[in-house]
Amino acid sequence: MRQAVHRVAQKYRDQENARTMRRAFEEALARVGARATWEDFLQARRQTGCNVREYFLFHFYERTPEERDTFLTTARRDAMIHYIGDDETINCSAPGNKILFNALFGEFLCREWLNPTTCTDAQFADFIRRHERVMVKPALAGRGEGLRVYHYQGDEEAAALRAELSGDGMLIEEMPRQHPQMDRLNPYCINTVRFCTYTDRDEVHILLAAPRTAKGKSFVDNVAAGGLIMAADLRTGVVTSDGVDEEARFFETHPLTGTRLKGFQIPNWDRALDVVRRAARALYAIPQCRYIGWDLGFLADDRVAVIECNWRQGLLAQVPQGRGYYHELKKLCQKP
């Protein structure tokens with residue numbers, strides 16, 4: 001009897017999920033105006049495990065089955081993470097916890113930081129006074145969520161901020177000056193490059209590099225927060241695509257600065273490759289840290305800094321590349 005009730009309940013859930021997915025498909029189709037059909041979506045889903053958002057984001061409705069098969073979807077990513085034994089819970093250790101990551105990998109940061117929970121009011125105020133402007137970050141958040149900039153307004157206000165942040169899993173960081181070349185892209189944010197890496201016992205494999213920028217005057221360049229992402233040549237650091245946003249809209253020039261994106265040269269590229277390889281090799285010493293997304297900043301003093309690194313990284317960086325890296329990653333996952 002119990003098994004029969006379970007089967008009926010599961011059938012109802014499956015039907016409800018299918019109805020929800022169909023509604024999401026129709027809404028996206030109306031918004032995008034693409035030549036796509038429900039039947040084609042179901043075929044792409046059977047092949048790649050894509051959800052509705054990924055079907056439209058990766059332009060699967062315009063691609064052949066062979067082209068679709070190159071893309072890493074969320075379902076494929078999660079299956080690979082499970083297969084290689086990377087963290088599936090998020091935030092239990094570095095790099096998911098920014099405080100822990102900063103404490104362990106300070107050599108790659110190129111900036112000062114402070115934990116409000118472990119310092120005094122005087123130390124906290126002195127830190128902000130020296131830097132004048134700091135970034136306030138939640139230690140366990142991603143996608144640019146919860147970030148804010150704080151300007152020094154006196155020791156009393158600083159003490160009030162420390163009281164607000166203390167014990168709440170927050171940290172503050174110096175906001176470094178970026179390279180003048182990156183200011184040409186957008187001077188209001190630290191324009192980072194996302195490097196996707198897979199590390200095994202012998203080598204750090206860089207699967208792609210994707211420059212990012214805010215579209216407007218935001219200090220956050222995350223695509224999820226309204227930014228743009230591009231493709232870069234791994235050998236040279238030259239941008240090879242237009243910019244694309246979270247709605248899969250393409251931009252030839254930066255909406256704010258007018259800088260042409262394709263052909264833009266990222267500075268100190270060889271140094272960036274060296275930093276990401278050394279950082280990925282160091283992180284490999286911690287269990288469950290093989291498939292990682294690194295966000296690197298290019299600083300005014302020609303240093304290259306790790307701004308952040310991420311487990312279970314987002315998949316939008318594949319879009320400006322014109323193809324995915326599913327098969328490359330799958331092959332790498334076979335090696336310990």
Side-chain angles (χ1 to χ4, degrees), residues 28 31-35 53-54 56-63 67 71 135 143-144 147 149 175-196 206-273 276 293-300 302 304-305 307-308 313-325:
R31 185 170 61 253
V32 175
R35 293 183 178 179
R53 178 177 178 274
E54 290 166 342
F56 287 99
L57 184 65
F58 297 150
H59 289 245
F60 277 176
Y61 50 86
E62 296 176 340
R63 301 189 187 277
E67 291 170 334
F71 281 83
M135 180 75 74
R143 297 167 59 89
L147 298 180
V149 175
M175 293 187 68
R177 289 176 53 242
Q178 73 178 340
H179 196 283
Q181 171 71 350
M182 302 305 280
D183 274 341
R184 289 186 55 233
L185 200 57
N186 188 339
Y188 292 93
C189 70
I190 299 294
N191 303 279
T192 63
V193 174
R194 163 62 59 88
F195 287 87
C196 170
I206 302 177
L207 294 165
L208 61 76
R212 311 187 308 175
T213 181
K215 279 191 289 189
K217 295 183 178 181
S218 171
F219 57 86
V220 180
D221 72 346
N222 297 62
V223 182
L228 297 176
I229 194 165
M230 296 147 269
D233 185 290
L234 275 175
R235 295 176 298 105
T236 65
V238 173
V239 174
T240 59
S241 75
D242 294 334
V244 63
D245 68 7
E246 195 176 28
E247 300 300 322
R249 295 174 296 192
F250 285 83
F251 297 76
E252 291 184 4
T253 60
H254 194 287
L256 180 65
T257 62
T259 298
R260 185 167 184 80
L261 301 177
K262 190 180 293 186
F264 184 88
Q265 175 68 63
I266 306 295
N268 295 317
W269 189 251
D270 288 342
R271 190 167 297 171
L273 294 176
V276 78
W294 302 87
D295 299 332
L296 267 58
F298 298 77
L299 307 187
D302 287 326
V304 177
I307 302 300
E308 191 171 295
Q313 59 190 293
L315 306 171
L316 184 62
Q318 297 172 104
V319 177
Q321 311 282 335
R323 67 182 306 280
Y325 55 85

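Values reported hereafter were calculated over all heavy atoms of this structure, with side chains retained and with hydrogens, waters and symmetry mates removed.
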Please answer whether the main-chain N or O of Thr236 pairs with a side-chain N or O of Gln265 as donor and acceptor at a distance below 3.5 Å.
yes

Please tell me if the side chains of Gln318 and Tyr325 come closer than 4.5 Å, counting only heavy atoms from C-beta onward.
yes

For the pair Met182 and Ile266, evaluate side chain to side chain contact (heavy atoms under 4.5 Å, CB included) and give the outcome as yes or no after the intermediate values.
CA-CA 7 Å; Met182 302 305 280; Ile266 306 295; 4.0 Å; yes

Determine which pairs satisfy ring-ring contact (aromatic ring centres under 6.0 Å, His included) with at least one residue from residues 220-256, sequence neighbours left out, and list them in order.
none

Check: Thr257 and Pro187 side chains under 4.5 Å, non-hydrogen atoms:
yes

Rounded to the nearest 0.5 angstrom, the OG1-CD distance for Thr192 and Gln178 is 9.5 Å

Any idea which heavy atoms bring Gly216 and Tyr188 closest together, and the distance?
O-CB, 4.5 Å

Shortest non-hydrogen pair, Leu256 vs Lys215, comes out as CB-O, 3.4 Å

Hey, could you give me the CD1/CG distance between Ile229 and Leu316, rounded to the nearest 0.5 Å?
5.5 Å

Do Phe58 and Leu315 touch side chain to side chain, with heavy atoms closer than 4.5 Å?
yes

From CA spacing to verdict: side chain to side chain contact (heavy atoms under 4.5 Å, CB included), Glu54, Phe71
CA-CA 10 Å; Glu54 290 166 342; Phe71 281 83; over 6 Å; no

Shortest non-hydrogen contact from Gln321 to Ala232?
NE2-N, 4.4 Å

Supply the atom-to-atom distance Asp221 CG to Asn186 CG, rounded to the nearest 0.5 angstrom.
9.0 Å

Are Asp233 and Thr240 close enough that a side-chain donor and a side-chain acceptor fall under 3.5 Å?
no

Apply side chain to side chain contact (heavy atoms under 4.5 Å, CB included) to the pair Leu261 and Leu185, showing each step before the final yes or no.
CA-CA 8 Å; Leu261 301 177; Leu185 200 57; 3.6 Å; yes

Heavy-atom closest pair (Ala317 atom, Leu208 atom, distance to 0.1 Å) is CB-CD1, 3.9 Å

Under a 3.5 Å threshold, yes or no: a donor from one side chain and an acceptor from the other, between Asn268 and Asp302?
yes

Nearest 0.5 Å please: distance from the CZ atom of Phe298 over to the CD1 atom of Ile307.
9.5 Å

Between Trp269 and Phe264, does the ring centre distance come in under 6.0 Å?
no

Salt bridge Arg323-Glu67, side-chain N to carboxylate O under 4.0 Å:
no

Could you tell me the separation between the CZ atom of Arg212 and the CG atom of Leu228, rounded to the nearest 0.5 Å?
11.5 Å

Rounded to the nearest 0.5 Å, how far does CG of Asn191 lie from CG of Asp183?
7.5 Å

Between Ile190 and Pro176 the two heavy atoms that sit nearest each other are CD1-O, 3.3 Å

Write down the atom of Ala231, the atom of Ser241, and the distance for their closest heavy-atom approach.
N-OG, 3.0 Å

